[in-house]
Amino acid sequence: MGIQHWGAFGGFQRKTGALVGHWTNGQNVITAIPHPSQNPPTVPQLNMRAKFRTVVAFSRRLTPLIRVGYQNAHKEKQSAFNAAFVDNYANAVTGIAPNYLIDYPNFAYSKGQLSNGYNAEVVTAIADTVQFTWLATLATGIGGPTDMATLVVYNPVKNQLVTLVGAAARSALTYSMLVPGDFSGDDVHCWISFVSANGKMASDSFYVGEFTVV
């Protein structure tokens, strides 16, 4: 049985331009680095802060998935969340400054050597249900039938994420994921990834596509 989350972000320490992320009293905090002068921030600084906030705001909601998905994809003394942040800050932001948006097809919450869902698709997206399918083929040659699928559906209109960890074994080749009934008529973005049965290996997350829930 999977654990479903309807929806903070993992601890990290990182200095980026005029911002710094750190862990304080059990919470992740993004603050501006104090400046000796009282000069207002420059346009590039404001744009950088807007981009930073865009990535953090979306990524933090997927922290449990990132901790597992990036467990083997971060450097020493670097958290899984920090590694995912660096990747997404560089590759998964679109829009014109300062109105940045997440570039969903390039967003990653998992990065690893385990084979993903080969030819993964959403075959139906009807009220209350988004049905994922995939093939048993192991594209990287690493994995097996007991690997467990993680599914993600994001509704930008409702600004709501639905995630399901351990949805189904790779051997099942399909899973019908429940989503809120009020998703009907909205476009949703879908991802899939796999984690080994012992939880020690993960695949890359794969963007399945954008679909209208009917």
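Under the 4.5 Å side-chain criterion, counting only non-hydrogen atoms from C-beta, D147 is in contact with L114. Residues Y175 and L151 have side chains in contact (heavy-atom distance under 4.5 Å, counting atoms from C-beta outward). Annotation: side chain of H74 is not in contact with side chain of S79 (no heavy-atom distance under 4.5 Å). With contacts defined as side-chain heavy-atom distances shorter than 4.5 Å, the pair T54/F52 does not qualify. R61 places a side-chain heavy atom less than 4.5 Å from the side chain of N159. Residues Q131 and V123 are in side-chain contact: their nearest non-hydrogen atoms beyond the backbone lie under 4.5 Å apart. For the pair F132/C190, a side-chain contact is recorded, criterion being any heavy-atom separation below 4.5 Å from C-beta on.
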Full working for side chain to side chain donor-acceptor pair (under 3.5 Å) between T174 and T133: CA-CA 4 Å; T174 186; T133 65; 5.8 Å; no

side-chain contact (heavy atoms from CB on, under 4.5 Å) between K51 and Y89, worked out: CA-CA 7 Å; K51 185 176 180 180; Y89 187 88; 3.6 Å; yes

Intermediate values then yes/no, side-chain contact (heavy atoms from CB on, under 4.5 Å), I192 and T150: CA-CA 6 Å; I192 187 172; T150 293; over 6 Å; no

side-chain contact (heavy atoms from CB on, under 4.5 Å) between Y104 and F58, worked out: CA-CA 10 Å; Y104 302 114; F58 191 76; 4.2 Å; yes

Pair N119-W134, side-chain contact (heavy atoms from CB on, under 4.5 Å): steps then yes or no: CA-CA 6 Å; N119 278 3; W134 57 89; over 6 Å; no

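In this structure, L138 is not a member of the same hydrophobic cluster as V195, with clusters built from ILVMFWY side-chain heavy atoms closer than 4.5 Å. V68 and L62 fall into different hydrophobic clusters, where Ile, Leu, Val, Met, Phe, Trp and Tyr side chains are chained together by heavy-atom contacts under 4.5 Å.
Looking only at distances, a side-chain donor or acceptor of N88 sits under 3.5 Å from a matching main-chain atom of A84. In this structure a side-chain-to-backbone donor-acceptor pair under 3.5 Å is present from Q71 to G199. A donor-acceptor pair is defined here as one N or O able to donate and one able to accept, closer than 3.5 Å; such a pair exists between the side chain of R170 and the backbone of N116. Between the S110 side chain and the S203 main chain, a donor and an acceptor come within less than 3.5 Å of each other. Judged purely by atom type and a 3.5 angstrom limit, T137 has no side-chain atom pairing as donor or acceptor with the backbone of Y118. Put simply, the side chain of S59 never gets that close to the backbone of V56: no donor and acceptor are under 3.5 Å apart. A donor-acceptor pair under 3.5 Å is absent between the side-chain atoms of D186 and the main chain of V157, judged by distance alone. In terms of modelled atom types and a separation under 3.5 Å, the side chain of T124 and the main chain of I126 share no donor-acceptor contact. Between the side chain of T129 and the backbone N or O of S176, no donor-acceptor pair lies under 3.5 Å. Remark: the backbone N or O of M201 is paired with a side-chain donor or acceptor of S196 at under 3.5 angstrom.
Within the model, atoms CG of L161 and OH of Y109 stand 10.5 Å from one another, a figure rounded to the nearest 0.5 Å. Atom-to-atom distance recorded for N82:CG and K75:NZ is 10.0 Å, nearest 0.5 angstrom. Rounding to the nearest 0.5 Å places CD of Q78 at 11.0 Å from CZ of F85.
The cationic atom of K158 (NZ for Lys, CZ for Arg) does not lie both less than 6.0 Å from the six-membered ring centre of F183 and within 45° of the ring axis.
Pairing each heavy atom of P98 with each of N47, the nearest pair is CB-OD1, 3.6 Å. Nearest heavy-atom pair across T140 and S115 is OG1-OG, 2.7 Å. A pairwise comparison of heavy atoms in P156 and D187 identifies CD-O, 3.4 Å as the closest pair. When all heavy atoms of S205 and A108 are compared, the closest pair comes out as OG-CA, 3.4 Å. Listed here is the closest heavy atom pair of V162 and M177: O-CE, 3.3 Å. Nearest heavy atoms, G166 versus M148: O-CE, 3.6 Å.
Residues Y207 and F107 keep their aromatic ring centres 6.0 Å or farther apart. Between W191 and Y154, the distance separating the two ring centers is not shorter than 6.0 angstrom.
For the residue pair Y100 and T94, no side-chain donor N or O sits within less than 3.5 Å of a side-chain acceptor on the partner.
Annotation: side-chain hydrogen bond (donor to acceptor under 3.5 Å, both in side chains) contacts of N106 (sequence neighbours excluded): D103.
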